Amino acid sequence: MKRLLIIDFNAVLHRCRNAMLRGGKQFTTSDGISVTGVFPFLNNLFAAIKEVEPTHVVCTYDAGGNKRKSESTTYKADRKPLSDDFKTEMSILLDEALYILGIEVVGIQGYEADDLIHTISHVANYGMDRMDEVVIWTCDQDLLQCVNERTKVLLFNSAKKQFLMDVDGVVEKWGCYPQEIGLVKALMGDGSDNIAGVPGIGRKTAIKILEEAQYVLDSALDHPKLKGYDEMVKDNLHLVTLRRCWELAGAIDFADYELGKGHAGNYGEFLDRYEFKQLMKRMVSTVKLMKLGA
């Protein structure tokens, strides 16, 4: 059984870090290095790996140069720039921790992590060297669009609240199939990405209109509530639709993602350097879980 776990790095780190800050917890090493989100990210990563039991793991991140922002002046325009502390913690995880743990990281200028995840999961489903199962670890519901018979989403909220979403789970939560979520968001908008929807159209109304139109966009646009909003809806659909990065698709070698390529000794040095005493206490079980030095 080959099972691939794909990590949505930026989304999960944001969630982990913000949860700590909301609780009034901010951590630095004795040298003043910010590590507030590093510990909870690693702690939850190990919990996800323990639950999913993957044979292969890959981490995707936002490398900058977002193409959608060049296509829309409002897309994610309300997002604040990353703080210096956040950038420091990203570097600690991407350049040190994940390398030591043997987890490949993938980021491509111009593409969001969602697009890279969509690409990797597509290749894992339909490529020559396909996986038996794919699990996407994220807190971003946009990625529910990737769910199918072979791909699930482990929807992260906290270590105690993670939901493994399959097709039936998506239908129960959204009221539509995974491949229809983009059309629903095109009508209702997406506040998290600063995408305005058609006035007065929420999820239930969007689904009702689309069901009546059998999820054919041109037919849906004939609905009285959507009159005059054709261009808005089409522009929205372009923004919310996940894209494939073909330059990545042709370069994927799942052997690079195989679990067990980490360095046990270096992991111990890493924990000591950043003063992660709790993780140090669990080092033996982590080495076994991650197959470090195997």
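Everything numeric in this text was worked out from a predicted model, so none of it was measured. Only this structure's heavy atoms are used, side chains among them; waters, hydrogens and symmetry mates stay out. Residues: numbered from 1 along the sequence shown.
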Self-check item: Between CZ on residue Phe86 and CG on residue Leu13, distance to nearest 0.5 Å
Solution: 4.0 Å
Quiz item: Got a sec, which residues hit ring pair (Phe, Tyr, Trp, His ring centres under 6.0 Å) with Phe46, two or more places apart in sequence or on another chain?
Solution: none
Quiz item: For the atom pair CD (Glu247) and OG1 (Thr119), what is the distance rounded to the nearest 0.5 Å?
Solution: 9.5 Å
Exercise. Before giving the answer on salt bridge (charged side-chain N to carboxylate O under 4.0 Å, His left out), spell out for Asp193 and Arg79 the whole-Å C-alpha distance, their side-chain angles and the decisive distance to 0.1 Å.
Key: CA-CA 8 Å; Asp193 288 337; Arg79 298 282 179 94; 3.0 Å; yes
Quiz item: Would you say Tyr177 has more than 12 foreign heavy atoms packed within less than 6.0 Å of its OH?
Solution: no
Quiz item: Will you find, in the side chains of Glu89 and Ser34, an N or O donor that is under 3.5 Å from an N or O acceptor?
Solution: yes
Quiz prompt | Polar side chain donor-acceptor pair, Ser30 to Glu275, under 3.5 angstrom | solution = yes
Quiz item: Side chains of Arg3 and His56: donor-acceptor distance under 3.5 Å anywhere?
Solution: no
Practice problem: Can you measure from CZ (Phe276) to CG (Leu42) and round to the nearest 0.5 angstrom? | Solution: 6.5 Å
Quiz item: Only one of Ile117, Leu248, Ile252 clears side-chain contact (heavy atoms from CB on, under 4.5 Å) with Val106; which?
Solution: Leu248
Quiz item: How many angstroms lie between atom CG of Leu164 and atom CD of Glu51, to the nearest 0.5 angstrom?
Solution: 6.5 Å
Exercise. Compute whether any side-chain donor of one residue and acceptor of the other, for Thr36 and Asp85, lie under 3.5 angstrom apart.
Key: no
Practice problem: Could you tell me the separation between the CH2 atom of Trp174 and the CE atom of Met165, rounded to the nearest 0.5 Å? | Solution: 10.0 Å
Practice problem: State whether Lys2 and Asp129 are salt-bridged, where the test is any N-O pair (Lys NZ or Arg NE/NH1/NH2 against Asp/Glu carboxylate O) under 4.0 Å. | Solution: yes
Quiz item: Hey, is Glu71 close enough to Arg243 for a salt bridge, meaning N to O under 4.0 Å?
Solution: yes
Exercise. Determine, stepwise, if the pair Tyr126 / His122 fulfils ring-ring contact (aromatic ring centres under 6.0 Å, His included).
Key: CA-CA 6 Å; Tyr126 305 108; His122 179 80; 5.0 Å; yes
Quiz item: Between Glu180 and Lys185, is there a side-chain N and carboxylate O pair less than 4.0 Å apart?
Solution: no
Quiz item: Without hydrogens or angle criteria, can the side chains of Arg15 and Asn10 be said to hold a donor-acceptor pair below 3.5 Å?
Solution: no
Quiz item: Distance from Leu21 atom CG to His14 atom NE2, nearest 0.5 Å?
Solution: 11.5 Å
Quiz item: In terms of side-chain heavy atoms, does Glu96 have a donor or acceptor partner in Tyr274 at a distance below 3.5 Å?
Solution: yes
Quiz prompt | Charged N-O contact under 4.0 Å between Lys76 and Asp190 | solution = no
Self-check item: Pair Glu133 + Lys152: basic N to acidic O under 4.0 Å
Solution: no
